[in-house]
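Protein chains get the first letters and strands the later ones, always in sequence-line order, with residue 1 at the start of each. Side chains are part of it too, since the values below use all heavy atoms of this structure and drop only hydrogens, waters and symmetry mates. Given the structure is predicted, the values throughout are model-derived calculations rather than measurements.
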There are 2 protein chains.
Amino acid sequence: MEAGGSKFVCAVGTDPGDLRRETRIPTTTPAETLARAVAFFREFHDAGLAALGVATFGPVDLDPGSPTWGFITSTPKPGWMDTDMAGPFRRALSVPVAVDTDVNGAALAEHRWGAARGDDPVVFVTVGTGIGGGVLVAGRPVHGAVHPEMGHVRVPRDPGDPFPGACPYHADCLEGLASAGAMRERWGVPPEALPPEHPGWELEAHYLALGLAAVVAVLSPRRIVMGGGLTGQPRLLPRVRARLRGLLDGYPRSAVLDDLDRYLVAPALGERAGVLGALALAEDALATPRAPGG
Amino acid sequence: MEAGGSKFVCAVGTDPGDLRRETRIPTTTPAETLARAVAFFREFHDAGLAALGVATFGPVDLDPGSPTWGFITSTPKPGWMDTDMAGPFRRALSVPVAVDTDVNGAALAEHRWGAARGDDPVVFVTVGTGIGGGVLVAGRPVHGAVHPEMGHVRVPRDPGDPFPGACPYHADCLEGLASAGAMRERWGVPPEALPPEHPGWELEAHYLALGLAAVVAVLSPRRIVMGGGLTGQPRLLPRVRARLRGLLDGYPRSAVLDDLDRYLVAPALGERAGVLGALALAEDALATPRAPGG
């Protein structure tokens, strides 16, 4: 199950070529949305449903020792704070339930079946309503104090950009400057209404490259997959690559970083990365039955 | 062996309580410095020297498939570019030789014996002549396209700071704004000559907190250990914590991040973290005999 801010995508299957049933549930209240999702999966209980993966918007508590493991925590999404994303399914389905962020799930799916096969570490960045990132090291999602929240990295503001920033927590963090909402507030129209030659796209590419440069400095991933609604703008990814090349400026020296066309790529799974990430989480829950939720 | 820009620290032993011999070799030319280090370790060959760990300044090629694995790459240090840090020892000693960055080594030592025991992920940051960082996930150092180079993260400049930055590659990256050299250039005196109440320390704390906020956003480590010469300034660490608290501003919500006195800490091993990191690398080279250099 991919739990998103506007819809939940529920599917049943064994791999990307075998998703047997799929449904989309609009995200309303937690009680209603989760009840509909539980009802969908309960139909497959007798057919041998073995595990459930939940790839969710966040932030989410992923500390295995916490009494609120699997709960959404400080989300700005009304009504969803402190929602238990695992319990209702575990109680109704009696199967292992794995929970991770949507972006850690997407990283897992791209690593297993998509654009980052065999790469280590892998970062998956999504740029849309919000900006988020997932990290895999040795093929496993990374959690720590919380989990990566790459949208909230502070980047230098462009001196010519008077927009104060749209993040309710940090104003002008990366998400505050470069999410779809930030673009809409800055330019007065939704991003899809900005023509490709509008300077807003170059500014967007600049901010995203600054965020990715921070990712490279902190973690040095072997590949970065960048998806999300805004990356549908056909000239954005090449522009981000050009800006990132300028920011790295050849240091540190690296054949991998020199080849940015292969280093920074679109998701091979497209919009399927989210639900396939949930499938990958379910697979891993079966492989490690004593993991939280198992 | 801890290979530093000003000295190499060579030691022989089995754990932090058993370092039987230790010597310091000034860093001159690669040929002279490495020959003296080889001579030191060769004395222990017949006594059963089992493996060598090299924790080195960098950047260093850590790609196991690369023909220049273990070579220093694009260092600004005169004469040291393209120096093979493993080959001379492997040929002279016939033991497994592990190579990693000094900061990955220090992270390993603090994780095994120091201030980050049992924590995952762990980040070790050093602030001195340069600024660098190492990352452990599941107890193992992280490498990817290259390795973490946290000193080169771009941070927003303070609007009141006219200093252009001291990094030869990026000008005003974190290292360019906040290394000891940057402080000396900005204030005209070495950092140790700045009194504790000088505003330069508050600016320094601000920049370091911005760098650490990027680390938290990208990786969400479970603990950060911060060492290096500048952190000897007794009021710096509390100031960095206060600034970091302001930057995170409670998002994402986390009991771990709320307790910054325990989250951001000084190295328990002090200046020994470097050479003990090398010892930890040697231990791991024995445990994984087919690793590069083995």
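- Using a 4.5 Å cut-off between heavy atoms, Val153(B) touches chain A through backbone and side chain atoms alike.
- When each of Gly144(A), Ala145(A), Ala138(A) is scored by its heavy-atom pairs under 4.5 Å with chain B, the top score falls to Ala145(A).
- Side chain of Glu175(B) to main chain of Gly130(B): no donor-acceptor pair is present (N/O by atom type, distance under 3.5 Å, no hydrogens or angles).
- Heavy-atom distances place the side chain of Leu210(B), and not its backbone, under 4.5 Å from chain A.
- Contact annotation for Val218(A): both backbone and side-chain heavy atoms come within less than 4.5 Å of a heavy atom of chain B.
- With Arg222(B) contributing its side chain and Ala116(B) its backbone, the two residues share no donor-acceptor pair below 3.5 Å.
- Using a distance-only test at 3.5 Å, with no hydrogens or angles considered, a donor-acceptor pair links the side chain of Asn104(B) to the main chain of Val135(B).
- We find that Glu283(B) and Arg112(B) are joined by a salt bridge, their nearest charged nitrogen and carboxylate oxygen being less than 4.0 Å apart.
- In this structure, the side chain of Arg243(A) does not engage the main chain of Leu208(A) through any donor-acceptor pair within 3.5 Å.
- Chosen from Ala255(A), Cys173(A), Pro252(A), the residue pairing most often with chain B at heavy-atom distances under 4.5 Å is Pro252(A).
- Chain A forms the most heavy-atom pairs under 4.5 Å with one residue out of Ala213(B), Ser254(B), Ser74(B), and that residue is Ser74(B).
- Heavy-atom pairs under 4.5 Å with chain A were tallied for Thr75(B), Asp61(B), Asp82(B); the largest tally goes to Asp82(B).
- Both the backbone and the side chain of Leu247(A) come within less than 4.5 Å of a heavy atom in chain B.
- Contacts between Pro221(A) and chain B at a heavy-atom distance below 4.5 Å involve the backbone alone (N, CA, C, O).
- For the options Gly151(A), Pro148(A), Ala214(A), Gly211(A), heavy-atom pairs under 4.5 Å to chain B are most numerous at Pro148(A).
- The aromatic rings of Tyr169(B) and His152(B) sit perpendicular to each other, their planes meeting at more than 60°, with 30° as the lower class boundary.
- Looking at heavy atoms from C-beta onward, Met81(A) lies out of side-chain contact with Phe71(A) at the 4.5 angstrom threshold.
- The pair Arg140(B)-Asp100(B) does not count as a salt bridge, with every side-chain nitrogen at least 4.0 angstrom from each carboxylate oxygen.
- Within the 4.5 angstrom heavy-atom criterion, atoms from both the backbone and the side chain of Val215(B) approach chain A.
- Side-chain N or O atoms of Arg223(A) include none that pairs as donor or acceptor with a backbone N or O of Arg117(A) at under 3.5 Å.
- In this structure, chain A has a heavy atom under 4.5 Å from the backbone of Val155(B), while its side chain stays farther away.
- Both the backbone and the side chain of Val146(A) have a heavy atom closer than 4.5 Å to some heavy atom of chain B.
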